[in-house]
Participant: 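Have a look at this one before I ask anything.
Labels below follow one simple rule: chain letters A, B, ... track the order of the sequence lines, proteins then strands, and each chain is numbered from 1.
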Protein chains: 2
Amino acid sequence: MEVRRIEPCCAPITDEALSAEQSQELARAFKVLSDPVRLRLLSLATAAPTGEIRAADLVAPLGRSQPTVSHHLSVLADAGLLLRDQRGREAWFRPVQERLAVLRAALGE
Amino acid sequence: MEVRRIEPCCAPITDEALSAEQSQELARAFKVLSDPVRLRLLSLATAAPTGEIRAADLVAPLGRSQPTVSHHLSVLADAGLLLRDQRGREAWFRPVQERLAVLRAALGE
DNA sequence: ACCAGATATAGACAGGCGTCGATATGTCGG
DNA sequence: CCGACATATCGACGCCTGTCTATATCTGGT
């Protein structure tokens, strides 16, 4: 999907007009959030009691195949929204609040 | 694109896990923001001195055809992010801050 | 009435993306 | 070592979406 790490790129879109490059970068970021599976993964990671989730535990609740879940986790990790922690053969993920904050800030206020 | 009016649908994704339906609705909303042309239209509307923009004035700056611009304006209007004001043969648009606030709230805090 | 301007609609095309099954890679336990 | 488990990668398929040209619709002025 051509995912890039989400970085602060511009003033809130309520403040001033975006350049072509800025709008492209922001659009890429929002595209990461534009899939229901990824949003659920993100919310499940945040809602987890321990603050982290294991990839294998997500396949059943999401009703998607293991490769599909793995794919979406990679997209979220590439964007910096999830931090991957490999422990032996298991992959654990925890959310990175600062990345979400970047997008929230881009929406104004 | 199956665009629906953006409405408050759920607690911030930082607070609790999303249901399948909630994640689908949120994903639809973010999909509207996942295109650079639409983000620019939105920011141009907000940055306009008078607080509104005319469709015809957006074709040249965006470098897209008139039908393409018209299409994206419709998507934004269907989502409720822009309010359409038809004046004779001209179409004027003004941003609706509350819709953006809904998405900002969904990102937490 | 007519013409020019502004916008919307229709249809077509290409590229992108989510999804899957099959398979590879890597890891732990016995 | 070897088998079971966890995850990643590959290749393919189908749908969705952004884009265009061409055309229709509507409005305002002359």
Participant: Just how far is it from atom CH2 of B:Trp92 to atom CZ of B:Arg54, taken to the nearest 0.5 Å?
Facilitator: 6.0 Å
Participant: Between A:Pro36 and B:Ser23, what is the shortest heavy-atom contact and its length?
Facilitator: O-CB, 3.5 Å
Participant: Nearest whole angstrom, please: distance from the P of C:dA8 to the CG of B:Leu82.
Facilitator: 12 Å
Participant: I need the CG-C1' distance between B:Leu58 and C:dA6, as an integer number of Å.
Facilitator: 13 Å
Participant: So which protein N/O to nucleotides 24-30 of chain C N/O distances come out below 3.5 Å?
Facilitator:
none

Participant: What are the atom names and distances for every N/O pair under 3.5 Å that joins the protein to nucleotides 15-17 of chain C?
Facilitator:
none

Participant: Nearest 0.5 Å, what's the CG-CG distance between B:Leu62 and B:Leu41?
Facilitator: 5.0 Å
Participant: May I have the step-by-step check of side chain to side chain contact (heavy atoms under 4.5 Å, CB included) for B:Arg94 and B:Asp85, ending in yes or no?
Facilitator: CA-CA 8 Å; B:Arg94 60 176 59 249; B:Asp85 181 18; over 6 Å; no
Participant: Would you tell me if any nitrogen or oxygen in the side chain of A:Thr68 comes within less than 4.0 Å of OP1 or OP2 on C:dC20?
Facilitator: yes
Participant: If only atom types and distance count, is the side chain of A:Ser43 paired as donor or acceptor with the main-chain N or O of B:Leu18 below 3.5 Å?
Facilitator: yes
Participant: Working to the nearest 0.5 Å, report the span between CG of A:Leu82 and CZ of A:Arg99.
Facilitator: 11.5 Å
Participant: Assign each of B:Gln66 and A:Val69 to its nearest nucleotide of DNA chain C by heavy atoms, then name whichever residue's nucleotide is nearer the 5' end.
Facilitator: B:Gln66
Participant: What range of DNA chain D does chain B touch, first nucleotide to last, counting atoms under 4.0 Å from its heavy atoms?
Facilitator: D:dT17 to D:dG28
Participant: Determine whether a donor-acceptor pair (N or O, by modelled atom type, separation under 3.5 Å) exists between the side chain of A:Arg5 and the backbone of A:Gly80.
Facilitator: no
Participant: Output the rounded distance in Å from CD (B:Glu90) to P (C:dA8).
Facilitator: 12 Å
Participant: Indicate yes or no for a side-chain donor-acceptor contact from A:Arg38 to the backbone of A:Lys31 under 3.5 Å, with no hydrogens or angles considered.
Facilitator: yes
Participant: Any chance you could measure B:Gln24, atom CD, to B:Arg4, atom CZ, to the nearest 0.5 Å?
Facilitator: 7.5 Å
Participant: Does A:Val37 or A:Pro67 map to a spot on DNA chain C nearer the 5' end, using the closest nucleotide for each?
Facilitator: A:Val37
Participant: Please answer whether the main-chain N or O of A:Ser19 pairs with a side-chain N or O of A:Gln22 as donor and acceptor at a distance below 3.5 Å.
Facilitator: yes
Participant: Test B:Leu44 against every option in B:Asp57, B:Leu39, B:Leu58 by the side chain to side chain contact (heavy atoms under 4.5 Å, CB included) rule and name the one that passes.
Facilitator: B:Leu58
